[in-house]
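First up is the structure itself, then whatever we jot down about it.
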There are 2 protein chains.
Amino acid sequence: MVGIPTLDDVARAAQVHPGTASRALNEETRSKVSPATVGRVLAAADRLGYTPNAVARGLRRQRSMTVGVLIPDLTNAIFPPIVRGIEESLSPRGFTAFVANTDNDDYRERRAFEAFRARQVDGFIFANARRDHGLIQEAFNLGIPSVLANRRTDKSLFPWVAGDDDDGVEQIVKHLVELGHTHVAHIAGPQNNSAGFARAESFRHFVKQHGLRELDCPVVIADAFDTESGGSATKQILHHFPAVTAIFAGNDMIAVGVLGALREAGVHCPVDMSVVGFNDMPLAKDLAPSLTTVAVSGQQLGAMAATLLLDEIAGVDRERTVLLPVELVVRESTAPPRVGALSLARQASAARE
Amino acid sequence: MVGIPTLDDVARAAQVHPGTASRALNEETRSKVSPATVGRVLAAADRLGYTPNAVARGLRRQRSMTVGVLIPDLTNAIFPPIVRGIEESLSPRGFTAFVANTDNDDYRERRAFEAFRARQVDGFIFANARRDHGLIQEAFNLGIPSVLANRRTDKSLFPWVAGDDDDGVEQIVKHLVELGHTHVAHIAGPQNNSAGFARAESFRHFVKQHGLRELDCPVVIADAFDTESGGSATKQILHHFPAVTAIFAGNDMIAVGVLGALREAGVHCPVDMSVVGFNDMPLAKDLAPSLTTVAVSGQQLGAMAATLLLDEIAGVDRERTVLLPVELVVRESTAPPRVGALSLARQASAARE
DNA sequence: AAGATTTATGCAATCGATTGTTTTAAGGTG
DNA sequence: CACCTTAAAACAATCGATTGCATAAATCTT
C-alpha cells in the first residue's frame with residue numbers, strides 16, 4: 001500500500017470488512033462492534049496513521065462540515081478578530097471555514113457564494129450584509145442555513161449577532177454630555193449598511209434625550225467606513241459647523257481619518273475637539289491621542305455567530321438576535337470643551353436664532 | 001426532482017447517459033460529444049440551474065481545488081492583504097482557500113494542518129514559518145506541495161515569497177545616515193523567525209558598510225512583533241543607550257510601540273528620535289507622526305505565493321525564491337538628529353573609548 | 001434440543017461525478 | 001454488398017466512506 005491509507009487499508013490490516021471498520025472507528029456506531037474487533041481496528045488505524053477522508057465522508061453524509069464566511073474587507077481591523085472567533089468556535093466541532101473577501105463588490109460576492117455552494121458548505125456567515133441585500137435574500141429563499149454577523153438586512157431573514165450599538169451610542173452621548181459638550185457632530189457610515197444607519201438613528205435619538213438641540217448636532221454621512229471618508233467628512237464639519245466641539249465617528253477607521261484631518265487643520269484633539277470612535281479596533285489604544293471608543297469583542301461576536309450557525313445546521317432552534325454587551329473605553333481623545341469654545345458655541349447658536 | 005440538481009438530473013433531462021453529459025459539460029472532453037448533444041445537455045444544465053458538486057468531483061479526480069492557508073496572526077495588519085492576494089490569485093483558477101489562524105501555537109497549527117489534510121487540500125501556503133519548523137519539515141517529507149510566504153525556514157524546503165528585506169534595510173540605514181544619524185538602534189523581531197533574524201543581520205551589515213560603528217548601533221531583541229514588545233524594548237534603549245537618535249523597528253507594530261513609549265517618556269519624535277518601521281501596514285500613514293517605513297505589497301506577495309503554489313500543484317517548475325521589490329516611504333517620523341543630540345552622542349561615544 | 005432472540009459481521013448500494021472500455025450506428029472503401 | 005474505420009453514446013468501475021439489510025453465529029427460552 002502506497003500513499004495515504006484509506007478505510008479499506010485499515011480494514012484489510014485488521015482483517016475485517018470495511019463496513020465494520022467504519023463502525024468501529026465512529027464513536028456513535030462503535031457499540032455495534034465487538035470490543036475485540038474495535039481494538040484490532042483502532043490499532044490498525046493507529047499503526048497506519050489513518051485519517052478519514054473528509055471529502056468522501058462529506059459526499060456520503062451530505063454534510064461537508066465546512067461553512068462559508070463572507071467578509072467585506074479583511075483589511076478593516078474589526079474583521080480579523082471576528083474571523084478568529086469564528087474559527088475558534090468551528091474548529092472544536094470539526095468544522096472548517098472557507099473565507100472570502102468580497103470588497104463590497106456584488107460580483108465578487110456572488111462568485112464566492114457560488115464557489116462555496118459548489119463546495120457544499122453547510123452554511124454561511126455573512127459579515128457583509130447591506131440593508132437590502134439580494135444575495136442574502138437569495139440564500140434565504142434557497143433555505144441555506146446562515147447567520148449575519150455585525151451588519152443585518154432590514155428584513156429579518158437570518159439570525160443576527162452584533163454589538164449592542166444602541167447602548168454604545170447612548171454611552172458615548174452621555175459621556176460627551178457629561179464632559180460638557182453641547183455641540184456634537186456624528187460622522188455616520190454608509191446608510192445602506194445597518195451599522196451606519198442604526199448608529200445614526202441612535203445618535204439622533206440620544207442627543208435629543210440628553211437635552212441637546214438637534215440643530216447643534218449635525219450628522220454627516222461618510223461614503224465608507226474608512227480613513228479617507230472620515231477625513232473629508234471632518235473638513236465639512238470644520239467648515240460648516242464651527243461650533244462643534246466633539247465628533248462621534250461611525251467607527252474607528254473614520255475616527256483615524258478625523259484625527260488626521262484635525263491635525264492637518266491645526267485643530268488640537270482633545271483640547272479643541274473631542275473624538276470618539278466605535279469598535280475599539282486593535283490599534284485604537286496606540287493612536288496619538290489614544291482613542292476613546294466603544295469596545296465590542298469581535299472574537300466573541302464571531303464565536304457566537306458560528307455557534308448560532310452550527311445550531312441552525314443541526315436543526316436546533318435558537319434566538320434570532322444576539323446583542324453582545326459593549327463597553328465605553330475612555331482614553332485621551334475626549335476631554336471637556338474649552339471654555340472659550342463653549343461660549344463661542346453659545347454665541348454661534350444664539351446668533352443663528 | 002427536488003433539491004439541488006445533479007448530473008444525473010441533467011442527463012435525464014437531456015435524454016443522454018450521465019457519462020455523456022459529463023463529457024458535454026467539460027470543456028476538455030466536449031469534442032468527444034456531437035454538437036447537437038452538447039447543445040441539448042448545456043440547455044438542460046442551464047434550465048435546471050446545474051452546478052457541479054465540487055466535493056464529488058474532487059473525490060473522483062483526486063484534486064480538491066482547495067488550498068490551506070496558515071496565518072500566524074490575522075490581527076497583525078500585514079496578513080490580511082496577503083490573504084486577499086492569495087484569494088485574488090486562486091479564485092480565477094477555480095481554487096478556494098481554507099484559512100486558519102495559528103496564533104503561533106504549535107498545537108493549533110497542527111490541528112489546522114491535520115484538518116486541512118483530511119479535507120484533501122491540494123497544497124499549503126505557510127505564512128507562519130519559523131526558522132526551524134517541525135510541521136513544515138513534515139509537510140516536506142510528505143511531499144505536499146507548499147509555498148512559504150513572508151517567513152522562511154532555514155533549510156530551503158519549499159519555494160518562498162517575500163519582500164526584499166535586505167534591500168529595505170539598506171534603504172533605511174542609508175536614509176538615516178543621510179539625515180545625519182550616527183547612533184541608530186534596531187529593535188529586532190524574534191530571532192526564531194526568519195524576518196526578525198534576517199533584518200537584524202542586514203542591519204548589522206549595512207550599518208557597518210555605511211561607516212557607522214557597531215558599538216553605536218545596538219540591536220535589541222523584542223519578544224514578539226507587537227506593540228508591547230516594541231514599547232519595552234524602547235525603554236531599554238532609552239535607558240542603556242542614551243546616545244541613540246534613531247530607532248529602526250523590526251516591523252510597524254513594534255514601531256507603534258516605540259512611538260507610544262517615546263511619548264510616554266517625553267521624547268519627541270522625530271525631533272529627539274527618528275523612528276522607522278517595516279511593512280507599511282494599512283494604518284502606518286495615519287499615525288501621529290506618520291511612520292517612515294518600507295512598503296511591501298502584501299497583496300502582491302500573497303498573489304505570487306498562490307501562483308507559485310498552483311504551478312507546483314500543476315507540476316510546473318518555477319523559481320524557488322521570489323523577492324518582491326520594496327520601497328522606502330519617507331514620512332514624518334524621521335528627521336535629522338538635533339544638533340545638541342549629535343554632539344551629545346559624540347561625547348558619549350568618546351567617553352566610552 | 002428446537003426455536004426465538006440477540007449480537008457481530010459481511011454484503012452491497014449509495015453519495016455525485018469522471019473516465020477507460022465496450023457497444024452501436026453511421027459512413028467509407030473496394 | 002461485405003468489410004473496415006470512425007464517431008457517438010452507453011456501460012460500468014471508481015474515488016473513500018457510510019449505512020440499511022442480510023446472514024451467520026452465539027446466547028437465551030421453555
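Protein chains get the first letters and strands the later ones, always in sequence-line order, with residue 1 at the start of each.
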Exercise. A:Phe158 vs A:Phe140 aromatic rings, parallel, tilted or perpendicular, using cut-offs 30° and 60°?
Worked result: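 Correct class here is perpendicular.
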
For this session: Would you mind listing every ring-ring contact (aromatic ring centres under 6.0 Å, His included) that reaches into residues 14-71 of chain A, with sequence neighbours excluded?
Result: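 Pairs touching residues 14-71 of chain A that pass the test: none.
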
For this session: From the options B:Ile136, B:Ile71, B:Val69, select the one residue that forms a side chain to side chain contact (heavy atoms under 4.5 Å, CB included) with B:Phe126.
Result: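 Single pass found, and it is B:Ile136.
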
For this session: Report yes if at least one side-chain N or O of B:Thr29 is closer than 4.0 Å to OP1 or OP2 of C:dT18; otherwise report no.
Result: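 No, outside the criterion.
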
For this session: Ignoring backbone atoms, test whether A:Thr20 places a side-chain nitrogen or oxygen under 4.0 Å from the OP1 or OP2 oxygen of C:dT9.
Result: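 False: A:Thr20 side-chain N/O out of range (4.0 Å or more) of C:dT9 OP1/OP2.
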
Problem set entry | Under-4.0 Å salt bridge between A:Glu87 and B:Arg108 |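 The answer is no: the pair does not qualify as a salt bridge.
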
Exercise. Considering heavy-atom distances to DNA chain D, does B:Lys32 or A:Lys32 have its closest nucleotide positioned more toward the 5' end?
Worked result: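 Of the two residues, B:Lys32 wins.
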
Exercise. Hey, which of these two, A:Ser31 or B:Thr51, hits DNA chain C nearer its 5' end, going by closest nucleotide?
Worked result: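 Nearest nucleotide further toward 5': that of A:Ser31.
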
Problem set entry | Nucleotide interval of DNA chain D bounded by contacts with chain B (heavy-atom cut-off, under 4.0 Å) |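 For DNA chain D, the relevant span reads D:dA8 to D:dG16.
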
Could you state the [atom1]-[atom2] distance from [X] to [N], rounded to the nearest angstrom?
{"X": "B:Arg61", "N": "C:dG20", "atom1": "CZ", "atom2": "P", "result": "11 Å"}
{"X": "A:Arg23", "N": "C:dT7", "atom1": "CZ", "atom2": "P", "result": "15 Å"}
{"X": "B:Arg60", "N": "C:dT19", "atom1": "CZ", "atom2": "C1'", "result": "5 Å"}

For this session: Look at all strands and tell whether A:Ser34 reaches a base, only sugar-phosphate, or nothing, counting heavy atoms closer than 4.0 Å.
Result: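 Answer is sugar-phosphate: A:Ser34 comes under 4.0 Å of backbone atoms only.
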
Exercise. How is B:Val16 classified with respect to the nucleic acid when contacts are heavy atoms under 4.0 Å: base, sugar-phosphate, or nothing?
Worked result: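 Sugar-phosphate, backbone atoms only, no base.
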
Exercise. What pairs with A:Glu138 under side-chain hydrogen bond (donor to acceptor under 3.5 Å, both in side chains), at least two apart in sequence or on another chain?
Worked result: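 Here the qualifying residues are A:Arg110.
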
For this session: Measure the shortest side-chain to side-chain distance between B:Gln120 and A:Asn53 over non-hydrogen atoms and say whether it is less than 4.5 angstrom.
Result: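 Result yes, sub-4.5 Å side-chain heavy-atom pair found.
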
